[in-house]
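Sequence lines set the chain letters: A, B, ... in the order given, protein chains first and strands last, and positions in each chain run from 1. In this text the structure is predicted, and so the values were computed from the model without any measurement.
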Number of protein chains: 2
Amino acid sequence: MSDIRVLVVEDEPVAAAAHGAYVGRLKGFSLAGTAPDGQSALRLLAEFSAAGNPVELVLLDMNLPDLHGLDIARRMRASGLLADIIAITAVRELNIVRSAVSIGVVQYLIKPFTYATFADKLASYQQFREQLGAGSGGARSGASQSDVDQAFASLRAPSELPLPKGLSTSTLDAVKEFMKQQQDAVSATEVMDALGMSRVTARRYLEYLADAGTVSRTARYGAPGRPENEYRWNRG
Amino acid sequence: MSDIRVLVVEDEPVAAAAHGAYVGRLKGFSLAGTAPDGQSALRLLAEFSAAGNPVELVLLDMNLPDLHGLDIARRMRASGLLADIIAITAVRELNIVRSAVSIGVVQYLIKPFTYATFADKLASYQQFREQLGAGSGGARSGASQSDVDQAFASLRAPSELPLPKGLSTSTLDAVKEFMKQQQDAVSATEVMDALGMSRVTARRYLEYLADAGTVSRTARYGAPGRPENEYRWNRG
DNA sequence: ACCTTCCATGACCAATATGAACGCAACGGT
DNA sequence: ACCGTTGCGTTCATATTGGTCATGGAAGGT
């Protein structure tokens, strides 16, 4: 799959360069261009689109010299540009967030942010794209309600938040390290044995990783008794 | 807090009445009107907005006689109408979902759906609204990144609807995934072999899906032995 | 040194796929 | 027509695991 083409819209040169560099560091994304104000952003978008090489994602600053970010979004929609938008702003007003959502902003980043936060948001967007694009090799793919729900869920903000109560970073790292080394799927009991922790603890961390999308969870059938969950590290 | 005003856009009278009744049953929502096609929907939205009584949420069918739902959404954005949109459709094409998201659809419901599913989606939207509205003391509201993340999360988090006792979501997903891939009708025994589970379990989940209307059930004759039920994934 | 906070543990109860046993409905030969 | 054969539908007890609660012990702050 080809890279997701990104346009950075930001008036401050330092920030624009930083965001562009951030995009360049991410696998699966490529920087299509940079625009210092709303007019040039719209012009660039139209040009790329006319050239058959449309931008698919816009990192849009809300505070621009000529137009507000929301106006740019509105004009994009009016002209039928389908690029997704991640809003980047220092303005923390909730009604702006509301409006942004209804115009179709998929993510909302508040300045200042770290590279980790930035990468996290773009990664979740990438996962969203993949889930909708993975239509199981057919011209016509039938999506079920749960498929759509799952795709929406990956747009949800994951785990930059502090860990849920009852989890420690050191134990989590140990579990992650072990899971990474496993080729096949492993059960909670096997993790318990391998790491010498209790079944409850092993399960709690595996469950957390499964919710965060770091590991996938499937059931293991064939034996009597309640089905055993097995966990597998997600690669690529 | 006052009710969220909802407009139902649906050409089929039976479905329109049903959706309207659904809205009426929900606390915190009130039905502002119903429109049978795109033109009347846009007109109604404009009228309500001009009267200072704007619609805040549109339940938008994608398949309408005059305009496609995506076109309606685009025109709404072009005229600056900020109502949020929940798409309702029988069309399960993933690229439609993609476009819908980039235009600002906040939820996506696939027909046919139960009242429970419907209520669930609207409840999560309601929660999203409340989280953003909670700090609204005017311009004073300083939202942190985690606040915004949390609001997004409640908007897109998949809600787990209660399953009948004895069924698990992971097994159900496995069966659904397998059924979706099958072109022809399959028997419970074939599902058993393919997924490695027991005949009893396979049949239980197929029966559940048949009752829910997700698969259709017919009898297969011609071979000795008791006639075998065969199941087929319902498309369109 | 005491208190608070936090995480891992052990034990309990609830959940769920399995296998076997029984019954039922169509097929095919007599 | 009748009856044995065949293979699936249905039910039930059972085997294991998942989930939750209260407890114990360690780490850090006062």
Side-chain angles (χ1 to χ4, degrees), chain A residues 146 159 161-179 182 184-212 214-232, chain B residues 158-179 182 184-212 215-232:
Chain A
S146 62
S159 54
L161 303 160
L163 261 58
K165 271 207 134 167
L167 278 70
S168 73
T169 42
S170 55
T171 311
L172 183 62
D173 285 344
V175 174
K176 281 203 284 194
E177 196 58 34
F178 175 74
M179 290 301 294
Q182 299 303 313
D184 300 329
V186 293
S187 71
T189 309
E190 287 160 3
V191 172
M192 165 186 88
D193 287 336
L195 296 183
M197 53 177 58
S198 79
R199 189 177 58 92
V200 181
T201 303
R203 222 189 52 78
R204 196 171 29 202
Y205 283 90
L206 288 172
E207 211 54 35
Y208 168 75
L209 289 174
D211 284 344
T214 315
V215 304
S216 58
R217 172 181 41 200
T218 52
R220 180 186 289 175
Y221 303 101
R226 178 167 177 161
E228 189 175 2
N229 281 346
E230 57 181 22
Y231 304 86
R232 184 191 309 270
Chain B
S159 55
E160 314 231 342
L161 293 171
L163 239 54
K165 270 210 134 164
L167 278 67
S168 72
T169 47
S170 56
T171 307
L172 183 61
D173 283 344
V175 173
K176 282 203 285 192
E177 195 59 32
F178 175 75
M179 290 303 293
Q182 300 306 312
D184 301 329
V186 293
S187 70
T189 308
E190 288 160 1
V191 172
M192 163 187 90
D193 286 337
L195 296 184
M197 54 177 59
S198 79
R199 189 170 52 99
V200 181
T201 302
R203 228 189 56 76
R204 185 147 30 112
Y205 282 90
L206 288 171
E207 281 304 309
Y208 168 75
L209 289 175
D211 286 343
V215 304
S216 58
R217 171 180 42 198
T218 52
R220 178 192 288 174
Y221 300 98
R226 179 169 177 163
E228 190 176 1
N229 282 344
E230 59 180 20
Y231 304 86
R232 183 191 308 270

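- Atom-to-atom, CG of B/Asp173 to C1' of C/dA17 comes out at 17 Å; the value is rounded to the nearest Å.
- Screening B/Glu207, B/Arg217, B/Glu190 for a side-chain hydrogen bond (donor to acceptor under 3.5 Å, both in side chains) with B/Tyr231, the sole residue that qualifies is B/Glu207.
- Place B/Pro224 and A/Ala188 on DNA chain D by their nearest nucleotides, and B/Pro224 ends up nearer the 5' end.
- B/Ala223 comes within contact range of the sugar-phosphate backbone alone, with a heavy-atom separation under 4.0 Å but no base atom that close.
- The CG atom of A/Asn229 sits 12 Å away from the C1' atom of C/dA17 (whole-angstrom rounding).
- Regarding B/Glu190, its CD atom lies at a distance of 13 Å from the C1' atom of D/dC8, rounded to whole Å.
- Applying the 4.0 Å criterion to OP1 and OP2 of C/dA15, one finds that B/Lys165 has a side-chain N or O inside that range.
- Residue A/Ser168 has a polar side-chain atom (N or O) positioned under 4.0 Å from OP1 or OP2 of C/dA8.
- Using a 4.0 Å cut-off, some side-chain N or O of A/Arg199 falls inside it from OP1 or OP2 of D/dG18.
- The side chain of A/Glu228 lies closest to D/dT17 when the candidates are D/dT17, C/dA26, C/dA17.
- Classification of B/Glu230 and B/Arg203 as a salt-bridged pair fails, no side-chain N sitting under 4.0 Å from a carboxylate O.
- Side-chain contact between A/Arg220 and A/Pro227 is absent, with no heavy atoms from C-beta onward closer than 4.5 Å.
- Near DNA chain D, meaning a heavy atom under 4.0 Å away, the residues from residues 200-207 of chain B are B/Val200, B/Arg203.
- Taking side-chain N and O atoms only, B/Thr171 has no distance below 4.0 Å to OP1 or OP2 of C/dT16.
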Could you check A/Tyr221 against B/Thr171 for side-chain hydrogen bond (donor to acceptor under 3.5 Å, both in side chains), going step by step and ending with a plain yes or no?
CA-CA 9 Å; A/Tyr221 303 101; B/Thr171 307; 2.7 Å; yes
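- Using modelled atom types and a 3.5 Å distance limit, the side chains of A/Tyr208 and A/Thr214 yield no donor-acceptor pair.
- Distance B/Arg217 CZ to D/dC8 C1': 14 Å, rounded to the nearest Å.
- Side-chain contact between A/Leu206 and A/Val186 is absent, with no heavy-atom pair separated by less than 4.5 Å.
- Under the 4.5 Å side-chain criterion, counting only non-hydrogen atoms from C-beta, B/Val175 is in contact with B/Met197.
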